[in-house]
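Working notes, beginning with the structure itself.
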Amino acid sequence: MVSAVFHSPLDAVASQVTPPVVSRPLAPAPAVAVAAAATPVPRTRTPLDLRAFWMRVLPPFLGFGLLVLVWEIVAMKSTTGFPSPLATWQQALTVFSDPFYSKGPNDQGVGWNVLSSLQRVALGFGLAAAVGIPAGFAIGRFEFLSRMFNPLISLLRPVSPLAWLPIGLLVFKGANPAAIWTIFICSIWPMVINTAVGVQRVPSDYMNVAKVLNLSEWKILTKILFPAVLPYMLTGVRLAVGTAWLVIVAAEMLTGGVGIGFWVWDEWNNLNVANIIIAIFVIGIVGLVLEFALIKLATAFTFEEVKS
């Protein structure tokens, strides 16, 4: 059997026009290109923003400089021996050279006085937190309790801290528990109010889901309310600590004993104004440290930006 193969004339013409394709091996990449690809690209350094640096450093420096200038002018114009910044600085070096000396119950270093005040603040504030935070959750959670306690809180919250001190002296028969009582009663309101407001602002969708899932009250508290209320609660804690540190100074000035407030009053009786100014700076620095620590605590436990 003979088989015939027929080719189209167009195929012959295409074979004559189109050159055959010959596969060739790829040429190796140049050595310069390979070396350039292997060389790491140098990192560009971010230029220092001098304007941001000076905006962060210069305003506080100018503020303290203005304070010292006004202080120096007042000291120069004073006829009662008001100490100058330099004289106060020299006295501060003497005071802090031995801050923990003890020569009797009424003659102790500034370090012991600060520690005694912080101990009273910790006791009063701890009791206020143990009572105020659960009370805030209950008042915010149940409308009956909210209507019951809101008038009492509105009535008692504006009362001056020193007005509670005689009540403490009468009930507890001692200066130290009376000071702790005063801190307690004045620190409890910010925690109660902020915690209750936080509970009331929990989205209603969360509570509707809890009803659908038939969650227990403990599950609602731990899984829904507590995470949502935590930023409000920490704000109340910050306000309460600031209030407690303010109150303890005034309470110790009236009750006596070891403490930074008593130290201020004792130095006034001795007409040592330089030590009073030193105590003012110590009170401010300790309050600033407490505020900074609580800001860091709030930042660590919340996802929201905490502003100072």
**OP:** Apply side chain to side chain contact (heavy atoms under 4.5 Å, CB included) to the pair Val237 and Met191, showing each step before the final yes or no.
**Re:** CA-CA 6 Å; Val237 169; Met191 287 185 280; 4.1 Å; yes
Pairwise distance [atom1]([X]) to [atom2]([Y]) - rounded to 0.5 angstrom:
| X | Y | atom1 | atom2 | value |
| --- | --- | --- | --- | --- |
| Phe137 | Thr195 | CZ | OG1 | 6.0 Å |
| Lys223 | Ser216 | NZ | OG | 10.5 Å |
| Ile183 | Leu165 | CD1 | CG | 10.5 Å |
| Gln91 | Ile277 | CD | CD1 | 10.5 Å |
| Leu127 | Ile180 | CG | CD1 | 7.5 Å |
| Trp263 | Met253 | CH2 | CE | 13.0 Å |

Within a reach of under 6.0 Å around [atom1] of [X], are more than 12 heavy atoms found that belong to other residues, nucleotides or ligands?
| X | atom1 | result |
| --- | --- | --- |
| Glu217 | CD | yes |
| Trp71 | CH2 | yes |
| Tyr101 | OH | yes |
| Phe172 | CZ | yes |
| Phe292 | CZ | no |

Taking a hydrophobic cluster as the set of Ile, Leu, Val, Met, Phe, Trp and Tyr residues connected by side-chain heavy atoms closer than 4.5 Å, whether directly or through intermediates, do [X] and [Y] fall within one such cluster?
| X | Y | answer |
| --- | --- | --- |
| Val68 | Val74 | no |
| Phe64 | Phe281 | no |
| Leu145 | Val192 | yes |
| Phe144 | Val197 | yes |
| Ile133 | Trp218 | yes |

Considering non-hydrogen atoms only, spot the tightest contact between [X] and [Y] and give its length.
| X | Y | answer |
| --- | --- | --- |
| Val247 | Cys186 | CG2-CB, 4.0 Å |
| Pro83 | Val273 | CD-CG1, 3.7 Å |
| Ser84 | Ala75 | CA-CB, 3.7 Å |
| Ala179 | Ile248 | CB-CD1, 4.3 Å |
| Ile276 | Val264 | CG1-O, 4.0 Å |
| Leu162 | Ala251 | CD2-N, 4.3 Å |

With a 3.5 Å distance limit and no angle check, can you tell me whether [X] reaches the backbone of [Y] through a side-chain donor-acceptor pair?
| X | Y | result |
| --- | --- | --- |
| Asp266 | Phe262 | no |
| Ser97 | Thr94 | yes |
| Trp189 | Ile185 | yes |

Between [X] and [Y], is any pair of side-chain heavy atoms under 4.5 Å apart?
| X | Y | result |
| --- | --- | --- |
| Glu143 | Gln200 | no |
| Arg238 | Glu291 | yes |
| Lys219 | Leu213 | no |
| Tyr206 | Val209 | no |
| Leu215 | Ile224 | yes |
| Asp205 | Asn208 | yes |
| Arg157 | Ile193 | yes |
| Trp181 | Val171 | no |

Original post:
Only one of Leu239, Val241, Thr235, Leu234 forms a side-chain contact (heavy atoms from CB on, under 4.5 Å) with Leu294, so which one is it?
Top reply: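 One option only clears the test, and that one is Val241.
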Original post:
Between Ile283 and Val249, does a side chain to side chain contact (heavy atoms under 4.5 Å, CB included) hold up when you go through it step by step?
Top reply: CA-CA 9 Å; Ile283 293 168; Val249 176; 3.9 Å; yes
Original post:
Given a cutoff of under 4.5 Å between side-chain heavy atoms of I, L, V, M, F, W and Y, with clusters grown through shared members, what are the other residues clustered with Trp112?
Top reply: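 Other cluster members: Phe100, Leu115.
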**OP:** Take Ile220 and Met207 through the side chain to side chain contact (heavy atoms under 4.5 Å, CB included) test and state the conclusion after the steps.
**Re:** CA-CA 8 Å; Ile220 293 175; Met207 307 309 298; 3.6 Å; yes
Under 3.5 Å, sequence neighbours excluded: what are the donor-acceptor pairs made by side chains of residues 117-126?
unit_1, atom_1, unit_2, atom_2, d
Ser117, OG, Asn113, O, 3.1
Ser117, OG, Glu252, OE1, 2.9
Ser117, OG, Glu252, OE2, 2.9
Ser117, OG, Ile260, N, 2.8
Arg120, NE, Asn176, OD1, 2.6
Arg120, NH1, Glu252, OE2, 2.6
Arg120, NH1, Val258, O, 2.7
Arg120, NH2, Val258, O, 3.0

Original post:
Run the side chain to side chain contact (heavy atoms under 4.5 Å, CB included) check on Val202 and Tyr232 step by step: do they pass?
Top reply: CA-CA 11 Å; Val202 172; Tyr232 295 91; over 6 Å; no
